[in-house]
Amino acid sequence: MIRPQPSSRSFNQVCIDSSALYENFTKMQQWVGRDIRIMAMVKADAYGHGMIQTAVQFSKAGCDCFGVAEIEEGVALRRAGIQGQVFILLGFQPSQEQLFFDYDLTPVIFTYQAMERLSQAAVRNGKEIVFHLKVDCGMGRLGITPSEVQAFLARLEDFPKLSLAGIMSHFPMADDAESTQTMAMYQHYKKICAQSSQQVPILCHIANSGAALYFPQTNCDMVRLGISLYGYYPDGAKGTQLARENKLVPAMSFTTQVVQVKIVPASTGISYGHTFVTEKETKIAVLPVGYADGFLRSLSNRAQVLIKGRRARIIGRICMNLCMADISEIPGVETGDPVVILGSQGAETITADEIAEWMGTISYEVLCLLGNNNNRNYN
Ligand SMILES: *Cc1c(COP(=O)(O)O)cnc(C)c1O
């Protein structure tokens, strides 16, 4: 007889709403228009949502192009049966070239050295390989400078099995709908694309979620979307009309539960360092979640959580695996009650933007932290 295994579920559970992922992809495809291709950015385990499960949802919604940081992520997508084009954005290490051929991955190139190694691998495989060139038009990050482009393209003639299929760049501040830098940078980028595509037609892509939402004139042939597909606006939806009409749906929620309820008298110090001292008799819920779970220590004495559909403040330092919430005003809380850290309970909602504000960061980081440090479930 097979006995049921005892449940080994953690108190802390991330829940991913698969239909929200599907819906966000559909909405963004409608928003940018049918003839603009979307590269779904699923790096960092899909911003904490789980790369494979997320890619499956986007595929179902019609996605045929994915972007990841490193080659091992691309290999994992293929091994899971993901179809379409898979871009590797951060290059590769010596000896990894073969993987581009074995798994049909598309490299983004920004050094001569990579071009040479890829070319040698192409000759070995007796197979042509297409790549996209990364140009740094003002991000100050990865990519060759605009002044290097012509020399780079000239070198291509030395490598007959390498074929340039696209030129990409990246905006540093397209999440700010007011930024004047974005359009200036776009003009510069377009000039480079026009010069380069005189020889062969190439695919142009520069827009991220911010640009697709706030500077749609920069969409080019393809947009590379991350945060919007996960249901968030890159600027926290700070009041642009576009953002409100488009109504994306956050896909991630994060729940813990009460492990102890207790009442402490006035003048009780709470947690390490006693950074919080009770002013009056206080009812406390002890929660089994801490900075090791991505609920960062910088949220100490700042964050709020939802218990019985109401907001409760986190008091005292957040520990590695524990923190305390003040539930003096919330009657009837018992051990085992669910506690929402990210998401909705009753009429209340805590978004990743709100947590990000308490942490002094952006929603992206909150999603990565919570999503990549906890058990994930899908519905
Ligand atoms: C992550 C990433 C994106 C997506 O940015 P979002 O703001 O999440 O839409 C686009 N392009 C590149 C190069 C990226 O690394």
Side-chain angles (χ1 to χ4, degrees), residues 20-21 24-25 27-29 31-32 36-49 51 54-55 58 63 65-71 73-74 77 85-91 106-110 131-144 166-177 179 181-182 185-186 189 203-216 218-238 240 242-243 246 248-252 352-353 356 361-369 371-372:
L21 296 172
N24 291 330
F25 186 90
K27 282 182 178 169
M28 289 309 293
Q29 185 72 75
W31 172 258
V32 297
I36 306 274
R37 202 167 169 212
I38 294 177
M39 184 195 296
M41 300 305 300
V42 292
K43 64 195 185 204
D45 225 344
Y47 294 39
H49 295 66
M51 180 178 70
T54 298
F58 293 157
C63 185
C65 185
F66 298 90
V68 292
E70 297 205 40
I71 200 159
E73 301 170 83
L77 282 172
Q85 200 168 8
V86 174
F87 282 86
I88 310 300
L89 274 81
L90 300 194
T106 305
V108 172
I109 298 275
F110 41 84
F131 73 96
H132 285 215
L133 177 65
K134 178 85 179 257
V135 182
D136 179 6
C137 298
M139 176 70 188
R141 201 175 69 174
L142 201 61
I144 64 172
I167 295 188
M168 65 176 284
S169 195
H170 191 56
F171 286 125
M173 45 183 93
D175 56 321
D176 175 4
S179 71
Q181 197 267 4
T182 299
M185 183 173 152
Y186 176 66
Y189 170 69
L203 202 78
C204 295
H205 48 114
I206 184 169
N208 53 7
S209 294
L213 288 165
Y214 310 132
F215 298 91
T218 68
N219 283 352
C220 300
D221 302 307
M222 177 158 75
V223 293
R224 301 185 307 265
L225 304 183
I227 199 71
S228 54
L229 300 182
Y230 304 105
Y232 283 92
Y233 300 88
D235 60 347
K238 294 207 173 74
T240 69
L242 287 181
N246 224 27
L248 300 167
V249 189
M252 184 189 294
D353 288 316
T361 182
I362 52 177
S363 61
Y364 300 61
E365 191 177 359
V366 173
L367 297 174
C368 287
L369 278 169
N372 287 334

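Values below: every heavy atom of this structure, side chains too, minus hydrogens, waters and symmetry copies. First listed ligand is number 1; within each ligand, the first listed atom is number 1. Since we're looking at a predicted model, the values are computed, not measured.
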**OP:** Ignoring hydrogens and angles, tell me if any N or O in the side chain of N24 forms a donor-acceptor pair with the backbone of L229 under 3.5 Å.
**Re:** yes

**OP:** Go through ligand 1 atom by atom and flag the ones less than 4.0 Å from a non-hydrogen atom of L89.
**Re:** 13 (C)

Original post:
Given Y232, Y364, Y47, which has its nearest heavy atom closest to atom 7 (O) of ligand 1?
Top reply: Y364

Subject >> Candidate with minimal heavy-atom separation from atom 11 (N) of ligand 1, of M28, R224, M139 >> reply: R224

Original post:
Are D235 and Y214 linked by a side-chain donor-acceptor pair shorter than 3.5 Å?
Top reply: yes

Original post:
Just one of R224, K134, H205 clears the side-chain hydrogen bond (donor to acceptor under 3.5 Å, both in side chains) bar with H170, so which one?
Top reply: R224

Original post:
Does a donor on one side chain and an acceptor on the other come within less than 3.5 Å for R37 and Q85?
Top reply: yes

Subject >> Nearest-0.5 Å distance that lies between atom CE in M168 and atom CG in L142 >> reply: 8.0 Å

**OP:** For atom 9 (O) of ligand 1, grab the closest protein heavy atom and report residue, atom and distance to one decimal in Å.
**Re:** S209 OG, 2.5 Å

Original post:
Do any heavy atoms of Y230 fall under 4.0 Å from ligand 1?
Top reply: no

**OP:** Please confirm whether G226 comes within less than 3.5 Å of ligand 1 when only nitrogen or oxygen atoms on both sides are compared.
**Re:** yes

Original post:
Nearest to atom 1 (C) of ligand 1 by heavy atom, K43, R141, M41: which?
Top reply: K43

**OP:** Taking the side chain as every heavy atom from C-beta outward, state whether F25 and I38 have any pair of such atoms under 4.5 Å apart.
**Re:** yes

Subject >> Atoms of ligand 1 close to I227 [distance to a heavy atom under 4.0 angstrom, numbered from 1] >> reply: 6 (P), 8 (O), 9 (O)

